[in-house]
Amino acid sequence: MTSILIDGKTVSEKIKSKIRNSISILEKEKKQIPSLATILVGEDSSSVTYVNMKIKACEYVGMKSKLIKLPQSTSTEQLIAEIEKLNQDENIDGILLQHPCPKHIDERLAFDSISVDKDVDGVTTHSFGKLSMGEKSFLPCTPYGILLLLKEYKIPISGKNTVIVGRSPILGKPMAMLLLNEDATVTICHSKTKNLPEIVKNSDIVVGALGKPEFIQKDWIKRGAVLLDAGYNPGNVGDIDIKNGSAFSSYHTPVPGGVGPMTIAVLLWQTLLSRKKTLQEHPF
Ligand code: NAP
């Protein structure tokens, strides 16, 4: 079976070019340009890399960005005070708190202090509640990026057996809600799940979201399944054995160049929507 490659890089470029066009119109009309504030606590090297990528992406589409670097020793209260300042700042449309924060910080409390109107990374309990209720909200960027890939490739979701391997608040759980809202039959798996291979074998759509290199094996894949790999492990390896598993799939995302590029594009898209004060638009 020939598996179609889902080209997240190209799809993300399409979204970024749409953002760039919208921003140039705002500029011509002498309107306020969208602005994203990113908070980085400490100096975790992967986080520094991700933050730099986000700042570069803002520049690329003509969006403003502001980086707030806080020392490793920052307390939860100090972090929340910084977030509050950004909540009040009319020049800021979106707030991104880079995850993970140092261990001593109450990350949930910090996320939940982000104003829902500026929660362009979709991390607050409020946004998750709205998503779970099927209401409009800003969405967690990686799951929303995965959904957009399915839409762009016109892959049917309604009624499909879907498995998400991983249940983190930023990835697995919201992914499940997004697919449920699209009328999929959703199974969420985690580290205590029994019979994972059989569950995957019964699934038309498989989302790898656990952070374990090539954990989902080729023998588990149902013939014709759609493989979506959110995992990003050292050595550019995903959570699904795509190399061998794609012999059985109908569609698959590569790593890198699949899900990864979508995350930043969606973040910028939602920052643009925040400036435009709408949740009604989709990039395509
Ligand atoms: P996380 O918070 O560590 O969550 C991992 C999840 O996987 C947990 O729910 C855990 O179950 C589950 N899990 C762990 N071992 C398992 C096993 N043996 N069998 C079944 N489930 C297992 O990770 P995350 O932040 O969601 O990230 C997951 C992966 O996605 C990572 O590779 C990360 O780099 C990647 N990611 C990529 C992007 C992107 O932009 N492309 C964005 C976010 C994350 P328990 O709940 O039972 O512990």
Side-chain angles (χ1 to χ4, degrees), residues 6-9 11-12 15-16 36 38 44-57 96-103 105 107-108 111 120-123 128 138-150 162-179 186-203 206-217 219-221 227-242 252-270:
I6 299 177
D7 183 354
K9 204 165 175 344
V11 180
S12 71
I15 297 171
K16 285 194 266 186
L36 174 70
T38 301
D44 172 72
S45 62
S46 307
S47 294
V48 171
T49 307
Y50 288 135
V51 164
N52 286 338
M53 281 164 68
K54 286 163 191 168
I55 291 170
K56 273 203 189 125
L96 173 114
L97 171 59
Q98 183 61 43
H99 159 92
C101 289
K103 290 220 166 10
I105 286 181
E107 195 174 82
R108 180 44 41 205
F111 276 147
V120 294
D121 202 21
V123 292
F128 181 73
F138 287 123
L139 300 169
C141 296
T142 305
Y144 185 27
I146 292 174
L147 180 67
L148 288 173
L149 288 175
L150 288 168
T162 302
V163 64
I164 296 139
V165 187
R167 58 171 166 182
S168 73
I170 54 157
L171 185 52
K173 274 188 201 166
M175 187 75 245
M177 290 304 156
L178 277 171
L179 292 170
V186 180
T187 305
I188 310 174
C189 296
H190 47 78
S191 63
K192 310 289 186 297
T193 297
K194 305 262 187 279
N195 306 328
L196 184 57
E198 287 90 71
I199 296 170
V200 174
K201 192 87 192 166
N202 190 35
S203 301
V206 180
V207 183
L210 73 159
K212 294 224 152 72
E214 298 186 341
F215 183 86
I216 298 168
Q217 296 165 28
D219 302 340
W220 306 4
I221 312 284
L227 305 177
L228 302 158
D229 198 341
Y232 191 62
N233 305 294
N236 279 343
V237 179
D239 288 349
I240 305 177
D241 179 4
I242 292 280
H252 69 275
T253 56
V255 176
V259 170
M262 293 297 287
T263 302
I264 293 182
V266 166
L267 174 73
L268 301 180
W269 173 257
Q270 296 200 121

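Worth saying up front: this structure is predicted, and the values here are computed from it rather than measured. Atoms within each ligand, like the ligands themselves, are counted from 1 in listed order. Basis for what follows: all heavy atoms, side chains included, without hydrogens, waters or symmetry-related copies.
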S.K.: Under 4.0 Å from any heavy atom of A209, which atoms of ligand 1 are there?
M.R.: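 What qualifies from ligand 1 is 6 (C), 7 (O), 28 (C).
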S.K.: Heavy-atom pairs closer than 4.0 Å: do any link ligand 1 to the side chain of L210, the backbone, both, or neither?
M.R.: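 Both the backbone and the side chain of L210 come within reach of ligand 1.
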S.K.: Quick test: of every protein heavy atom, which one is nearest to atom 40 (O) of ligand 1, and how far off is it to 0.1 Å?
M.R.: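 Answer for atom 40 (O) of ligand 1: T263 OG1, 2.8 Å.
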S.K.: Below 4.0 Å from ligand 1: does a non-hydrogen atom of T193 turn up there or not?
M.R.: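 No.
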S.K.: Side chains of V165 and I199: does their closest heavy-atom pair fall under 4.5 Å?
M.R.: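 They are not in side-chain contact.
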S.K.: Can you sort out which atoms of ligand 1 are near N233, meaning under 4.0 Å from one of its heavy atoms?
M.R.: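 Answer for ligand 1: 32 (O).
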S.K.: Quick one: are I221 and I216 in side-chain contact, heavy atoms under 4.5 Å?
M.R.: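 They are in contact (side-chain heavy atoms under 4.5 Å apart), so the answer is yes.
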S.K.: On a heavy-atom basis, I'd like to know which of G211, G166, G145 is closest to atom 29 (C) of ligand 1.
M.R.: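 Nearest heavy atom to atom 29 (C) of ligand 1 lies in G211.
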S.K.: Where the closest heavy atom to atom 46 (O) of ligand 1 is concerned, which of K212, K192, R167 has it?
M.R.: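 Among K212, K192, R167, the closest heavy atom to atom 46 (O) of ligand 1 belongs to R167.
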S.K.: Let me know which of I240, L196, D241, N233 forms a side chain to side chain contact (heavy atoms under 4.5 Å, CB included) with F215.
M.R.: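 Of the listed options, the one satisfying the test is L196.
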S.K.: Going from CZ on F128 to CD1 on I170, what distance comes out if it is rounded to the nearest 0.5 angstrom?
M.R.: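 F128 CZ to I170 CD1: 12.5 Å, rounded to 0.5 Å.
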S.K.: Could you tell me, atom by atom, which parts of ligand 1 come under 4.0 Å of a heavy atom of F215?
M.R.: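 Atoms satisfying the 4.0 Å criterion: 17 (C), 18 (N), 19 (N).
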S.K.: If you take all heavy atoms of A230 and T142, which pair is closest and at what distance?
M.R.: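 Between these two residues, the closest heavy atoms are CB-CG2, 4.4 Å.
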S.K.: Select one of side chain, backbone, both or neither to describe which atoms of C141 lie under 4.0 Å from any atom of ligand 1, heavy atoms only.
M.R.: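 Under 4.0 Å from ligand 1, C141 contributes no heavy atoms.
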S.K.: What atoms in ligand 1 come closer than 4.0 Å to a heavy atom of Y232?
M.R.: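 Atoms satisfying the 4.0 Å criterion: 32 (O), 34 (O), 35 (C).
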S.K.: Is the shortest distance from a heavy atom of A230 to ligand 1 less than 4.0 Å?
M.R.: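 Judged by the 4.0 Å heavy-atom criterion, A230 does count as contacting ligand 1.
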S.K.: Are there protein heavy-atom neighbours of atom 3 (O) of ligand 1 below 4.0 Å?
M.R.: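 It does not: no protein heavy atom is found less than 4.0 Å away from atom 3 (O) of ligand 1.
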S.K.: With a 4.5 Å cut-off on side-chain heavy atoms, are I15 and L148 touching?
M.R.: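 L148 vs I15: side chains touch.
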